[in-house]
Protein chains: 2
Amino acid sequence: MDRLDRKILRLLQEDSTLAVAEIAKKVGLSTTPCWRRIQKLEEDGVIQRRVALLDPAAINAKVTVFVSIRTNSHSNEWLKRFSEVISEFPEVVEFYRMSGDVDYLLRVVVPDIAAYDAFYKRLIAKIEIRDVSSSFAMEQIKYTTQLPLDYIQLAKEPGSSS
Amino acid sequence: MDRLDRKILRLLQEDSTLAVAEIAKKVGLSTTPCWRRIQKLEEDGVIQRRVALLDPAAINAKVTVFVSIRTNSHSNEWLKRFSEVISEFPEVVEFYRMSGDVDYLLRVVVPDIAAYDAFYKRLIAKIEIRDVSSSFAMEQIKYTTQLPLDYIQLAKEPGSSS
DNA sequence: AGCCTTTCATGGATCGTCTCGACCGCAAAA
DNA sequence: TTTTGCGGTCGAGACGATCCATGAAAGGCT
């Protein structure tokens with residue numbers, strides 16, 4: 001993993017429809033080695049998948065709700081079942097086990113408050129939860145799938161000696 | 001927007017490398033009309049972009065921190081500057097203006113706690129914030145870019161009469 | 001110094017896929 | 001009944017992915 005790989009990843013995180021030749025030009029390689037690098041990044045699982053991102057408004061899912069959950073049971077058994085139940089809901093797009101005050105945090109996407117209420121009822125019907133607290137997002141100021149590439153451990157590269 | 005469009009979107013949200021002919025087969029269309037629908041979905045902005053998703057662990061960015069922010073100033077002026085400053089950090093992958101108790105919520109991605117501390121210092125050096133509270137995610141149980149398609153308003157379709 | 005490994009550049013061949021145009025047919029709408 | 005809006009089929013041209021072969025440059029090792 002070197003500077004070139006990082007550049008390639010940066011481009012593909014922006015737009016995965018770029019042609020290999022196009023990427024090669026931008027990173028300063030010819031197409032064959034650039035193609036091989038991309039292959040390798042996919043084999044190694046650095047690039048996990050390529051997906052289409054949709055406009056939330058266009059599919060009537062523009063309200064984000066953060067749901068903080070506190071629980072009584074902390075057994076593995078319970079967590080397993082809990083995870084399965086939660087993950088089945090397509091409205092739940094993110095789901096974290098947290099440290100501190102709150103045990104779990106969900107990001108839920110729905111059309112409006114009424115739909116959230118319906119979701120909430122379906123959720124608590126399926127599993128018992130001690131304490132639930134919902135916070136509504138008024139505005140999504142930034143949302144990106146582009147992870148920061150500044151922390152990658154770069155391997156030694158040729159041409160770095162004086 | 002009908003059932004077929006929804007099926008197409010479902011597939012492309014999963015894997016945008018699928019060939020048009022492949023999608024057509026799965027959806028029950030022939031390739032040309034399927035291709036036309038995809039074109040239209042892109043023109044209409046329903047499909048916003050196609051991107052590569054990376055493995056957070058592979059790029060040394062596997063710790064998620066949720067940052068709750070409270071502020072004093074609520075002027076548009078201040079919000080504008082605040083948004084710009086925050087959005088410039090590549091570590092901030094999500095950024096919401098919230099209702100209720102907390103004013104803003106960030107999702108920040110970093111390699112470890114030390115890196116988060118460094119990020120935090122850079123942040124508060126750039127802009128004054130009344131109150132900041134950080135919660136660390138222990139585990140990412142679910143993360144998907146697939147939005148729920150169950151809320152799409154379907155247009156009238158042929159063959160729906162008895 | 002000589003050899004080995006790695007990785008690049010170049011060129012080319014092949015194959016799949018996208019893209020799009022032309023035309024037909026059905027069915028609902030006007 | 002005519003028009004309009006899809007979808008189906010066919011097919012052509014362009015483009016891009018994939019892979020092979022070869023040669024050159026650079027660094028590491030003995």
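Each chain gets a letter, A, B and so on, in the order the sequences are listed, and its residues count up from 1.
The pair B:R50-B:E42 meets the salt-bridge criterion, with a side-chain N (NZ, NE, NH1 or NH2) lying under 4.0 Å from an Asp/Glu carboxylate O. For the pair B:D2 and B:R37, the salt-bridge criterion is met [side-chain N within less than 4.0 Å of a carboxylate O]. The pair A:E84-A:K80 meets the salt-bridge criterion, with a side-chain N (NZ, NE, NH1 or NH2) lying under 4.0 Å from an Asp/Glu carboxylate O.
Computed from coordinates, the B:Q39 CD to C:dC18 P distance equals 11 Å when rounded to whole Å. Rounded to an integer number of Å, the gap from CD of A:E43 to P of D:dT18 is 11 Å. Taking atom CD1 on B:I23 and atom C1' on C:dC18, their separation rounds to 12 Å, with Å as the unit. Going from atom NZ of A:K40 over to atom P of D:dT18 covers 17 Å, rounded to whole Å. Summarising the geometry, the separation between CD1 on A:I38 and P on D:dG16 is reported as 14 Å, rounded to the nearest angstrom. The distance between atom CG of A:L18 and atom P of D:dG16, rounded to the nearest whole Å, is 11 Å. One atom, CD of B:E42, and another, P of C:dC18, lie 12 Å apart when rounded to the nearest Å.
Residues A:R37 and A:T32 each lie close to DNA chain C; by heavy-atom proximity, the contact nearer the 5' end of the strand is made by A:R37.
One finds a side-chain N or O of A:W35 lying less than 4.0 angstrom from the OP1 or OP2 phosphate oxygen of D:dT18. Phosphate contact (OP1/OP2 of D:dC19, side-chain N/O of A:R36, threshold under 4.0 Å): absent.
Using a 30° and 60° split on the angle between ring planes, A:F95 and A:F82 fall in the perpendicular class, above 60°.
For B:L29, whose side chain is taken as the heavy atoms from C-beta onward, the closest listed nucleotide among C:dT10, C:dC18, D:dG7 is D:dG7.
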